[in-house]
Protein chains: 2
Amino acid sequence: MKVTIRDVALKCGVSVATVSRVINNSDQVTDETKKRVMKVIDEFGFIPNTNARGLSTRSTNTVGIIVPNVSNPFFGELIEGAERAASENGYQIIILNSGYNTEKTLRDIMVLQSRDVDGIIMSTADIDEKTLDHLHENEIPFVLMGPIQYKYPVNYVSVDNMEGARMAVEHLVKLGHKKIAYCTEKYDNYLNQLRYEGYKKAFDSNGLEIQKGLYLEDSVTENVKNIISMNKEERPTAIFAFNDNIALSHMEALERNGIRIPEDMAVVGFDNIRFASYFSIQLTTIDNRQEEFGKKGFEILLDILKNDGTKTQQIVTKPQLVVRKSCGSK
Amino acid sequence: MKVTIRDVALKCGVSVATVSRVINNSDQVTDETKKRVMKVIDEFGFIPNTNARGLSTRSTNTVGIIVPNVSNPFFGELIEGAERAASENGYQIIILNSGYNTEKTLRDIMVLQSRDVDGIIMSTADIDEKTLDHLHENEIPFVLMGPIQYKYPVNYVSVDNMEGARMAVEHLVKLGHKKIAYCTEKYDNYLNQLRYEGYKKAFDSNGLEIQKGLYLEDSVTENVKNIISMNKEERPTAIFAFNDNIALSHMEALERNGIRIPEDMAVVGFDNIRFASYFSIQLTTIDNRQEEFGKKGFEILLDILKNDGTKTQQIVTKPQLVVRKSCGSK
DNA sequence: AACCGGAATGTAAACGGTTACATTTAAATG
DNA sequence: CATTTAAATGTAACCGTTTACATTCCGGTT
């Protein structure tokens, strides 16, 4: 049977209130009794029940994290950063996997609500207006990982996506590329929009025109089939991929078709996932490691919780170009 | 303010018991009242509080998962499999990141206890005798992912590690290799022991002797330095790595030193992590994908919880060799 | 010796659900 | 129409904490 605060109190010959005071180390209990109670707590292996505690204090020292895919190391890093920061502050995290599904995301939020989490950290990948409305109406403290547009200001932390894309494409332009494909995967969202803006900006500021037919948003196989079917005139000499995963799968498919990287095709990604640095891959990309963001995200949340959450914070970090070998430079 | 079951009851003009029956869809409430209550629940956006519920039922429909490193996709997959299975059965999971730290693991277990989780799924990577004793004494239902030795039988699911290692090395032997290094990273544990057993077995059954000095357990840099310092006589022609991560980092370091894979050195890994299949990597390895295990693990746990947990289950799956290009065969 | 005040401790009502048991309701039976 | 019975609903105790408020204790003042 589970040992409760009452068992401890009984054994010590004190009241539950006193035991409660001891485990919350209140200063209004004698050292002598504190010691006595502690001894019994140890002896009994008493662990205070967090749920009961939360029920009475309305705070569970828990924050929820919702990501689209836990097995994607990109999000794994985000979680790790947040978990570490949380842990250091005596908070625990509950992780939910939304599977890139907005419906499930909303359900996940309710699950977290039903557990009295103090706040939520979420990736923007699977959030829609309805979800934001729900968060707003229910006055749930939350921080988003990624940029967002909404009728009210929200807390978020993100890299400057437009600028990152611009830098990536600028890098290609500086290397002499003029036909640069934009490869994505039907990411019909704000993020894609921002990065595409950056892509355009790089062209504009260099007085270049974007070729027709180089916005590729089908499956990788389709895109690559498309590319190899182009004649020398049309075929891009470089690819800017929406993210590293897309870059890598395109690289793989291209190589399978005898197109060498970087000799025949330069490639830049976005995110700088861990594998991008692997010797045999060596992807040039924009740094967007999530661990730091996870940490920052939690800190903002904590700030909201401790102080009051009246003002929102937006943190946008400056992107960094990581030059490796996939563009042939260096 | 948060809306409670009492608010709903009041508004409907029924008792809390009835509302409770509705949300638990008990069959002893009229369709008519059920409908009426439901409407108010919707209208109010009432979400039953899981913690309060758990407090009175002693069951939270939650299982905890403890892994050493969430940002490692190997564990990510494990989590994903478990999360999916849990979700399908109306369970939620709390994920804790132990950071390969046995002390933190024990603390994590207590955290989960304090939250009244129904059971725990854990990787064996950071478990010691003391932890197992704690689990045992506190009668916590748990399932381990990986093999284990303990004075009592425990539930676990694992690939047959010895057999997997044997198959991997056998593959190398069949390709004509006689000097095969065993590369690990101070994994001074049961898993390593098992895989090393398999390594030996492959030698034994083929009437071969293991060369001296080919058990490499330093850092990657050290190991590779060690290898390239060997003369043609001693230098291994193949590597069996404790896992894919170690295989990959050795491959990278070797290539950096001008040793080509597979021409100069054949490599086999263990685990078949996702990146092992990448075109430019093409690592031959033993399949040990965790998603299926996560699922199985949860199912065992569920079985323990629903029925009673008197008998333990050990599931050991047959390993599968995945032949790619890192050994030059094919 | 009576009194005071602050520190230590105790009492009991929350927190938001569930559920055994009690009660009401309504239909079925003689 | 009175009685029985089963179904629907209500009452209140309980799950394990916290905490406002009440009480006791004890040394210090007059």
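Computed over heavy atoms, backbone and side chain alike; hydrogens, waters and symmetry mates excluded. These numbers were taken from a predicted model, which means no experiment stands behind them.
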> Which residue pairs pass the salt bridge (Lys or Arg N to Asp or Glu O under 4.0 Å) test when at least one of the two sits in residues 66-75 of chain B, sequence neighbours left out?
Replying inline: none
> Just how far, in rounded Å, is P of C:dA8 from NZ of A:Lys35?
Replying inline: 15 Å
> Separation of A:Asp27 atom CG from C:dG6 atom P, in whole Å?
Replying inline: 16 Å
> Do any of residues 49-58 of chain A sit with a heavy atom less than 4.0 Å from DNA chain C, and if so which?
Replying inline: A:Leu55, A:Ser56, A:Arg58
>> Tell me which pairs pass salt bridge (Lys or Arg N to Asp or Glu O under 4.0 Å) where either residue lies in residues 49-67 of chain B, with sequence neighbours left out.
In response: B:Arg58-B:Asp116
> Any side-chain donor-acceptor pair under 3.5 Å between A:Asp133 and A:Tyr150?
Replying inline: yes
>> Whole angstroms only, please: what is the CD-C1' distance between B:Gln28 and C:dT19?
In response: 10 Å
> Taking atom types as modelled and ignoring hydrogens, do the side chains of B:His134 and B:Gln113 form a donor-acceptor contact shorter than 3.5 angstrom?
Replying inline: yes
>> For a quick check under 3.5 Å, do B:Thr62 and A:Arg115 share a side-chain donor-acceptor pair by atom type?
In response: yes
>> Under a 3.5 Å threshold, yes or no: a donor from one side chain and an acceptor from the other, between A:Asp303 and A:Gln313?
In response: yes
>> Quick check: do A:Val63 and A:Phe142 have side-chain heavy atoms less than 4.5 Å from each other?
In response: no
>> Whether the B:Ser158 and B:Asn161 side chains hold a donor-acceptor pair (N or O, under 3.5 Å, no angle test) is what I'd like checked.
In response: yes
>> Expressed as a whole number of angstroms, how long is the span from B:Leu10:CG to C:dG16:P?
In response: 14 Å
> If we fit an axis to the first five pairs and another to the last five of the helix from C:dA1-D:dT30 to C:dG30-D:dC1, what angle do they make, to the nearest 10°?
Replying inline: 60°
>> With a sphere of 6.0 Å drawn around NZ of A:Lys35, does it hold more than 12 non-hydrogen atoms of other residues, nucleotides or ligands?
In response: no
> Charged N to carboxylate O under 4.0 angstrom, B:Glu32 versus B:Arg36?
Replying inline: yes
> For B:Asp7 and C:dC15, what is the distance between atoms CG and C1' respectively, to the nearest whole Å?
Replying inline: 13 Å
>> Just the rounded figure in Å: distance from P of C:dG17 to CG of B:Asn24.
In response: 11 Å
> Rounded to the nearest 0.5 Å, what separation is found between the CG atom of B:Asn49 and the CG atom of A:Leu55?
Replying inline: 6.0 Å
> Is B:Asp108 paired with B:Lys104 through a side-chain N to carboxylate O contact shorter than 4.0 Å?
Replying inline: yes
>> Below 4.0 Å from chain B heavy atoms, what is the first contacting nucleotide of DNA chain D and what is the last?
In response: D:dA8 to D:dG16
>> Below 4.0 angstrom, which residues in residues 14-21 of chain B have at least one non-hydrogen atom near DNA chain C?
In response: B:Ala17, B:Ser20, B:Arg21
> CD1/B:Ile121 to NZ/B:Lys296 distance, rounded to the nearest 0.5 angstrom?
Replying inline: 12.5 Å
